[in-house]
Amino acid sequence: MPELPEVETTVRFLRKARPPILGAGFVDLWSDFKKIVKKPKNFRQFKKEIQGKKILKIRRRAKNIIFELSSGYSLLIHQKLTGHLLYAKWEKDRVNDYIHLKFFLNNGKILALSDLRKFAKVELWKSPDLEKELRSLGPEPLEKNFIFKKFKEALKDRRGKIKQILMNQEIIAGIGNIYSDEALWRAKIHPFKEPSKLSEAELKKLYQSLKEVLKKSIKLHGESISDYRDPSGSRGNFDRIRMVYRREGEKCSRCGRKIKRLKMAGRSARFCPLCQKQNP
DNA sequence: TGCAGTGTTGCTTC
DNA sequence: CGAAGCAACACTGC
């Protein structure tokens with residue numbers, strides 16, 4: 001599912017796509033699941049408002065794709081679990097079975113939103129209002145100014161399980177189930193550990209592991225275990241270095257112990273019970 | 001066959 | 001206030 005590396009992969013692809021998306025305008029819109037547009041709720045109004053607007057910038061914030069448009073508007077797309085954007089030809093009206101929204105551009109192409117489970121959301125904002133909305137998000141872990149001190153500050157005084165804290169978008173932006181599992185494995189930290197129980201060395205290791213795994217995944221164009229694809233429909237290659245996520249029962253590549261799965265607030269945490277001890 | 005599992009976010013409940 | 005539960009959905013695997 002699209003977490004930071006997958007959303008980043010999509011955004012980078014769209015930025016350098018040919019024919020260019022930057023500078024292109026919206027001419028028409030199609031959907032068979034109008035509920036996917038949450039703002040404005042009225043689909044006809046959304047269509048009316050977006051028609052004629054140009055795409056000026058494409059960026060990522062947390063797991064959101066943001067298109068900055070002309071006239072001070074911004075289009076936000078959150079792909080949630082199974083969503084992904086595809087860049088395809090106009091005439092090709094059936095890219096896959098799960099296209100629920102198509103933006104027809106004036107460059108002869110469409111931006112299509114594929115979403116098997118229909119959890120994705122699409123919102124049109126006035127840019128300053130969106131900026132206000134995004135303020136509640138935590139820092140971007142790959143930004144230059146996200147130094148170790150900032151990471152420690154983000155975790156300071158937080159109670160609960162480290163894995164859950166890493167996935168909280170208000171604490172650090174862009175991390176979900178996959179990359180929290182993978183970063184904790186790399187740092188040899190049990191997913192249920194309290195942040196206050198982490199030593200300085202463990203914190204440092206976690207900070208480095210997190211940045212490293214995100215960067216490596218971006219290089220590999222993200223993961224495609226489930227539905228994620230880049231906008232050309234290609235799979236990512238993160239699978240090559242995926243160590244624990246969805247590998248319960250398999251042997252830990254570091255020590256050979258069987259990977260375990262534990263339930264946590266209605267979801268799963270995968271880890272190596274030998275490498276990642278709760279009380280070493 | 002049926003039902004638990006899958007995981008993000010936001011809303012409701014306690 | 002915060003944590004926990006659940007709904008939004010559709011498909012997979014046991």
Side-chain angles (χ1 to χ4, degrees), chain A residues 1-10 31-41 43 60-66 76-85 96-101 113-123 125 129-130 132-138 140-141 154-184 191-192 194-196 213-214 217 222-229 235-236 238-239 242 244-250 259-271:
Chain A
M1 61 256 43
E3 297 180 28
L4 187 154
E6 291 75 34
V7 181
E8 186 66 28
T9 299
T10 294
S31 178
D32 68 348
F33 187 74
K34 299 182 169 68
K35 256 168 58 183
I36 212 157
V37 177
K38 315 283 179 193
K39 190 177 162 48
K41 282 202 179 76
F43 187 81
R60 178 189 63 76
R61 178 71 172 104
K63 302 173 191 169
N64 299 293
I65 304 168
I66 299 162
L76 177 144
I77 298 180
H78 193 304
Q79 310 175 99
K80 297 278 179 88
L81 276 83
T82 55
H84 55 268
L85 277 178
N96 72 29
D97 289 343
Y98 306 113
I99 304 289
H100 297 301
L101 184 65
L113 181 58
S114 170
D115 188 17
L116 187 147
R117 288 177 72 180
K118 299 177 173 171
F119 284 175
K121 72 170 182 185
V122 175
E123 297 172 339
W125 290 81
D129 294 342
L130 178 60
K132 267 183 228 160
E133 185 75 10
L134 296 176
R135 263 185 227 156
S136 63
L137 289 167
E140 284 292 333
L155 297 190
K156 206 179 68 175
D157 304 328
R158 301 283 179 178
R159 285 190 303 182
K161 302 177 171 75
I162 184 66
K163 178 174 165 72
Q164 243 176 319
I165 290 163
L166 290 177
M167 291 194 297
N168 184 333
Q169 301 304 300
E170 294 181 10
I171 300 174
I172 301 169
I175 315 298
N177 217 3
I178 300 174
Y179 298 103
S180 55
D181 271 1
E182 296 296 324
L184 288 165
F192 284 17
E194 293 257 340
S196 61
V213 77
L214 294 173
S217 185
E223 61 76 30
S224 290
I225 304 157
S226 176
D227 285 68
Y228 177 75
R229 300 292 183 271
R235 306 179 82 103
F238 180 74
D239 240 30
R242 176 170 57 97
V244 281
Y245 176 76
R246 285 216 172 191
R247 287 207 189 281
E248 57 269 33
E250 294 178 37
I259 303 298
K260 259 181 85 174
R261 187 179 79 175
L262 279 180
K263 275 272 156 200
M264 185 198 80
R267 51 222 301 210
S268 294
R270 281 90 166 184
F271 66 104

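Given the structure is predicted, the values throughout are model-derived calculations rather than measurements. Note that these values count all heavy atoms, side chains included, but never hydrogens, waters or copies made by symmetry. Numbered from 1 within each chain, the chains take letters A, B, ... in sequence-line order.
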Interatomic distance, A:Lys39 NZ vs B:dG10 P [rounded to whole Å]: 13 Å
A:Asn177 CG - B:dT9 C1' separation (whole Å): 14 Å
Selection from B:dT6, C:dC9, B:dT9 that lies nearest to any side-chain heavy atom of A:Gln169: B:dT9
Length of the line joining A:Lys263:NZ and C:dG5:C1', which is rounded to integer Å: 13 Å
For atom CD1 of A:Ile225 and atom C1' of B:dG7, their distance in whole Å: 12 Å
Nearest-angstrom distance from the residue atom CD of A:Glu3 to P of B:dT6: 15 Å
A:Arg270 side chain near B:dG5 phosphate (N/O to OP1/OP2, under 4.0 Å): no
Nearest-neighbour nucleotide for the A:Lys121 side chain, B:dG10, B:dT6, C:dC11 considered: B:dG10
Base-pairing assignment for C:dC9 (Watson-Crick or G-U wobble, both under 3.5 Å): none
Whole angstrom value for the distance that separates P of B:dG7 from CG of A:Leu166: 16 Å
C:dC9 OP1/OP2 closer than 4.0 Å to side-chain N/O of A:Tyr98: no
Nucleotide C:dA3, atom C1' - distance to CZ of A:Phe192 in whole Å: 15 Å
A:Arg159 vs A:His100, nearer the 5' end of DNA chain C by closest nucleotide: A:Arg159
Residues A:Lys121, A:Glu123: salt bridge by 4.0 Å N-O rule: yes
Atom pair CH2 (A:Trp125) and CG (A:Leu134), whose distance is rounded to the nearest 0.5 Å: 8.0 Å
Flag if over 12 foreign heavy atoms under 6.0 Å of NZ, A:Lys156: no
5′-ward residue of the pair A:Glu123/A:Met1 relative to DNA chain B: A:Met1
Lys/Arg N to Asp/Glu carboxylate O, A:Glu140 vs A:Arg60, below 4.0 Å: yes
Sugar-phosphate, base or nothing in reach of A:Thr82, heavy atoms under 4.0 Å: nothing
A:Tyr98-A:Phe33 aromatic ring centre distance below 6.0 Å: no
Pi-cation contact, A:Phe119 with A:Lys80 (under 6.0 Å, within 45°): no
Listed nucleotide nearest any side-chain atom of A:Lys35, set B:dT9, C:dA8, B:dG7: C:dA8
Interatomic distance at C1', C:dC11 relative to B:dG10, whole Å: 23 Å
Sugar-phosphate, base or nothing in reach of A:Gln79, heavy atoms under 4.0 Å: nothing
Sugar-phosphate only, base, or nothing, as touched by A:Lys161 at under 4.0 Å among non-hydrogen atoms: nothing
For B:dG7, the Watson-Crick or wobble counterpart (both distances under 3.5 Å): none
Interatomic distance where CG belongs to A:Leu134 and C1' belongs to B:dT9 [whole Å]: 14 Å
Residue whose closest nucleotide on DNA chain B lies nearer the 5' end, A:Lys63 versus A:Arg246: A:Arg246
Any donor-acceptor N/O pair under 3.5 Å between B:dT6 base and A:Arg117 side chain: yes
C:dC9 to B:dT1 separation - P atoms, rounded to the nearest Å: 25 Å
